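The structure appears below as structure tokens.
Predicted, not measured: the structure shown is a model, and the values here were computed from it. Quick note: numbers below take in every heavy atom, side chains included, and nothing from hydrogens, waters or symmetry partners.
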Amino acid sequence: TPLAMTGTDGPSRIYVSSRWAKAGWYGKHGFRQQSEFYEPVDSAYAEYVSVPEEMVHLLPPTVDLLDAALVDPLACAIRAVDRARLSPGARVAVIGQGSSGLCMVQAARALLGCEVAAIDHHHERLALSRRFGAALAVNPRSADAAAALAEWTGGKGVDCVLEATG
């Protein structure tokens with residue numbers, strides 16, 4: 001992504017260098033030209049979005065940007081665990097171990113002391129799940145996930161399934 005921002009006028013206007021404007025980069029990447037500035041066109045996978053100023057929160061300089069990137073998936077994971085109305089110590093299966101699923105594993109463990117089973121197609125993600133507290137990690141490409149969960153729960157099944165596959 002080119003560094004083309006040369007200034008802003010509030011959270012919804014981005015002034016760009018004339019070099020990038022002439023090259024058409026911003027038009028190709030979801031921006032509309034509005035006289036001398038470009039205004040973001042919001043979409044689900046936009047690199048930039050325009051939001052009301054009251055929704056913008058400045059990060060303290062002590063917060064690393066990589067840490068800050070986890071605020072959204074962690075907040076969603078906490079909300080999912082809260083909405084599931086789990087009992088302390090419940091057995092939970094989390095399907096999908098990307099950033100959201102890994103956050104769900106940690107939220108269920110940290111907030112309620114749940115026992116968590118992680119299910120994913122990627123062995124490296126399952127290894128992270130184990131590091132983050134999953135008691136069981138299953139790759140359905142190499143094992144029968146339903147049978148593994150049945151064995152893990154003594155045939156009772158899990159109390160809740162959280163889906164985080166996208």
Side-chain angles (χ1 to χ4, degrees), residues 1-5 11-12 14 25-26 28-31 40-52 54-166:
T1 304
L3 296 174
M5 186 166 24
S12 63
I14 300 172
W25 187 90
Y26 278 83
K28 292 178 190 172
H29 290 85
F31 287 79
V41 177
D42 298 339
S43 67
Y45 295 106
E47 187 172 349
Y48 301 96
V49 295
S50 59
V51 295
E54 61 272 9
M55 293 180 71
V56 176
H57 301 281
L58 293 177
L59 294 172
T62 56
V63 176
D64 181 78
L65 290 179
L66 291 175
D67 293 337
L70 288 174
V71 169
D72 183 60
L74 183 57
C76 291
I78 291 169
R79 176 83 169 137
V81 169
D82 182 58
R83 289 198 54 156
R85 298 192 174 134
L86 300 167
S87 300
R91 288 197 170 197
V92 179
V94 179
I95 302 172
Q97 294 300 294
S99 58
S100 295
L102 289 168
C103 285
M104 286 179 188
V105 168
Q106 293 175 84
R109 296 274 305 133
L111 298 175
L112 296 166
C114 293
E115 292 183 62
V116 181
I119 301 170
D120 197 280
H121 291 271
H122 303 279
H123 290 292
E124 59 280 353
R125 291 180 182 180
L126 291 170
L128 279 173
S129 303
R130 288 291 218 167
R131 284 185 43 207
F132 294 157
L136 176 69
V138 181
N139 184 330
R141 290 185 176 156
S142 58
D144 182 339
L149 289 172
E151 181 181 337
W152 182 60
T153 63
K156 295 177 185 174
V158 294
D159 299 305
C160 178
V161 176
L162 298 173
E163 182 274 332
T165 60

Nearest heavy-atom contact between C114 and L86 is SG-CD1, 4.0 Å
What pairs with D67 under side chain to side chain contact (heavy atoms under 4.5 Å, CB included), at least two apart in sequence or on another chain?
-> D64
Within the side chain of D120, is there an N or O that forms a donor-acceptor pair under 3.5 Å with the backbone of Q97?
-> yes
How many angstroms lie between CD1 in I78 and SG in C103, if you round to the nearest 0.5 Å?
-> 8.0 Å
Looking only at heavy atoms, which two atoms of L102 and R125 are closest? And how far apart?
-> CD2-O, 4.0 Å
Rounded to the nearest 0.5 angstrom, the CD1-CD distance for I119 and E163 is 11.5 Å
Before giving the answer on side-chain contact (heavy atoms from CB on, under 4.5 Å), spell out for V161 and I95 the whole-Å C-alpha distance, their side-chain angles and the decisive distance to 0.1 Å.
-> CA-CA 7 Å; V161 176; I95 302 172; 3.6 Å; yes
Heavy atoms only: give me the nearest H123-S142 pair and the separation to one decimal.
-> CE1-OG, 3.9 Å
Shortest non-hydrogen contact between V94 and G101, atoms and distance = CG1-O, 3.7 Å
Sequence neighbours excluded, every pair satisfying salt bridge (charged side-chain N to carboxylate O under 4.0 Å, His left out) that has a member inside residues 75-104 | R91-E115
Has the side chain of D159 got a donor or acceptor atom that lies under 3.5 Å from a matching backbone atom of V92?
-> no
Interatomic spacing from NE2 in H122 to OG in S129 - rounded to 0.5 Å = 11.5 Å
What's the verdict on side-chain contact (heavy atoms from CB on, under 4.5 Å) for W152 and V158, showing C-alpha distance, side-chain angles and the deciding distance?
-> CA-CA 9 Å; W152 182 60; V158 294; 3.9 Å; yes
Pairwise salt bridge (charged side-chain N to carboxylate O under 4.0 Å, His left out) hits with a residue in residues 92-112, at least two apart = none
Starting at NE2 of H121, measure out to OG1 of T165 and round the result to the nearest 0.5 Å.
-> 9.0 Å
First locate atom CG of L74, then atom CE of M104, and finally report the distance between them rounded to the nearest 0.5 Å.
-> 10.5 Å
List the atom of V81, the atom of A108, and the distance in Å for their closest heavy-atom pair.
-> CG2-N, 3.9 Å
What is the minimum heavy-atom distance between L136 and A148, and which atoms define it?
-> CD2-O, 3.9 Å
